[in-house]
Amino acid sequence: MPKDNLVLIRHGQSLWNQKNLFTGWTDIELSQKGIEEAKQVGVLLKEKAISFDLAFTSALQRAIATLNYILKELNLTIPVTKSWQLNEKHYGKLQGENKQTMIDKYGKKMVQKWRRDFHTKPPLLSQPQKPTDKEIYKDLQEFPRGESLKETQKRVLSFWKKFILPQIQKNKSVLIVAHGNSLRSLIKYLEKISDSDIFSLEINTGQPIIYTIDTKEQILKKETYNE
C-alpha cells in the first residue's frame with residue numbers, strides 16, 4: 001500500500017469567498033489569494049515528495065483551476081476526471097447572498113444550520129437552474145434546487161465508490177480537489193463522524209488533508225496542515 005495515497009484539498013479562495021457570498025454551484029473564479037493558495041499547496045506537496053497517479057475534481061472552475069496550479073507546481077501530467085458529483089453543496093436561494101446579511105435577516109443559528117447541519121436544506125429555488133456545460137452534466141437527470149449535506153454526501157459517495165475507491169484498491173495514489181461540503185461529506189464517511197459532530201467540521205481553503213487508507217477504507221494515517 002503506498003504512503004499518502006489520498007489527498008483532499010478544498011479549492012483556493014474564490015472571488016465570492018472573498019466577498020463572503022454563498023457560492024454553491026455558481027461557477028466563480030479564484031481570487032488572487034486563491035491562486036497563491038493553490039500554488040502554495042503544490043509547493044508543500046512537492047516538499048513532502050508526494051506524487052499522484054490520477055486526480056479528481058468537480059465541474060466548477062475554482063476547483064479545476066486549483067488542481068491545475070497544483071499539478072503545475074508538481075510538474076505532473078496525470079489523468080484528471082471532472083464530475084458534478086464532487087460539486088459543492090447546492091445552496092439554493094442563498095447562492096449569491098451575503099452571509100452576514102443572511103445572519104442579520106434570519107439569525108446566526110439558522111444560517112449555521114443551513115451551512116453545516118447534515119439534514120437541513122437551504123431555502124430552495126422555485127425552479128432549477130440550467131447547467132452551463134451540458135456535456136459535463138449530461139448524466140444529471142434533474143438539476144437541484146438546493147441540497148442538504150446528506151444529499152450532497154449521497155452523490156459524492158456514489159462517485160467515490162464507483163470511480164475513486166477502485167483506484168485506491170489498485171494501489172494508486174489519488175488527489176481530490178473539491179469543495180468544503182463535498183469534502184466534509186466524504187470525510188464524514190471515512191472518519192465515521194456522527195450527524196451531530198459533522199456540524200463543527202470546517203475545511204479551510206488551500207490546505208491539504210493527507211491520508212493513508214487501506215483497500216477496505218480504513219484510515220491508517222492522517223496529516224493536516226492548518227495556518
Quiz item: For Lys99 and Glu97, what are the C-alpha separation, side-chain angles and deciding distance, and is it a salt bridge (charged side-chain N to carboxylate O under 4.0 Å, His left out)?
Solution: CA-CA 6 Å; Lys99 293 174 184 175; Glu97 298 286 355; over 6 Å; no

*asked:* Connecting only ILVMFWY residues whose side-chain heavy atoms lie within less than 4.5 Å of each other, what is the rest of Phe199's hydrophobic cluster?
replied: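 Listed partners: none, Phe199 stands alone.
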
*Under 4.5 Å between side-chain heavy atoms, chaining through other members, with only Ile, Leu, Val, Met, Phe, Trp and Tyr counted: pull out the rest of the cluster around Ile103, sorted by chain and number.*
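Joined to Ile103, directly or through intermediates: Phe22, Tyr91, Leu94, Met102, Tyr106, Met110, Val111, Trp114.
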
Checklist entry - Where is the tightest heavy-atom contact between Lys93 and Ser126, given as atom of each residue plus distance? => result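 Nearest heavy atoms, Lys93 then Ser126: CE-N, 4.4 Å.
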
(request) Answer yes or no for Lys188 and Phe118: cation-pi contact, defined as NZ/CZ to six-membered ring centre under 6.0 Å and angle to ring axis within 45°. (result)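 Pair Lys188/Phe118 counts as cation-pi.
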
Quiz prompt | Reference residue His11; test side-chain contact (heavy atoms from CB on, under 4.5 Å); the match among Asn17, Leu60, Val41 | solution =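 Of the listed residues Asn17, Leu60, Val41, the side-chain contact (heavy atoms from CB on, under 4.5 Å) partner of His11 is Asn17.
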
- Please name the residue in the list Arg116, Lys89, Arg10, Glu202 that meets the side-chain contact (heavy atoms from CB on, under 4.5 Å) test with Arg184.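 That would be Arg116; it is the only one of Arg116, Lys89, Arg10, Glu202 passing the side-chain contact (heavy atoms from CB on, under 4.5 Å) with Arg184.
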
Can you get from [X] to [Y] by hopping between Ile, Leu, Val, Met, Phe, Trp and Tyr side chains that sit under 4.5 Å apart?
{"X": "Trp16", "Y": "Ile35", "value": "no"}
{"X": "Leu15", "Y": "Leu30", "value": "no"}
{"X": "Ile176", "Y": "Ile64", "value": "no"}
{"X": "Phe159", "Y": "Ile136", "value": "no"}
{"X": "Trp84", "Y": "Val80", "value": "no"}

Can you sort out the partners of [X] under side chain to side chain donor-acceptor pair (under 3.5 Å), two or more places apart, ordered by chain and number?
{"X": "Glu142", "value": "none"}
{"X": "Thr120", "value": "Asp117"}
{"X": "Ser196", "value": "Ser194"}
{"X": "Ser182", "value": "none"}

Can you find a side-chain donor-acceptor pair between [X] and [Y] that sits under 3.5 Å?
{"X": "Gln40", "Y": "Tyr69", "result": "no"}
{"X": "Gln32", "Y": "Glu36", "result": "yes"}
{"X": "Gln13", "Y": "Thr205", "result": "no"}
{"X": "His179", "Y": "Ser58", "result": "yes"}

### Query
Is the backbone of Asp27 close enough, under 3.5 Å, to the side chain of Gln61 for a donor and an acceptor to pair up by distance?
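Yes; judged by distance alone, with no hydrogens or angles, the pair exists.
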
- Item | Polar side-chain atom of Thr212 near backbone of Leu220 as donor-acceptor pair, under 3.5 Å |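 Looks like no, no N/O pair under 3.5 Å.
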
Aromatic contact between Phe56 and Trp160, with the criterion being ring centroids under 6.0 Å apart: yes or no?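 No, ring centres 6.0 Å or more apart.
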
field: Glu88/Arg62 ion pair, N-O < 4.0 Å
entry: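 Looking at Glu88 and Arg62, the cut-off is not met.
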
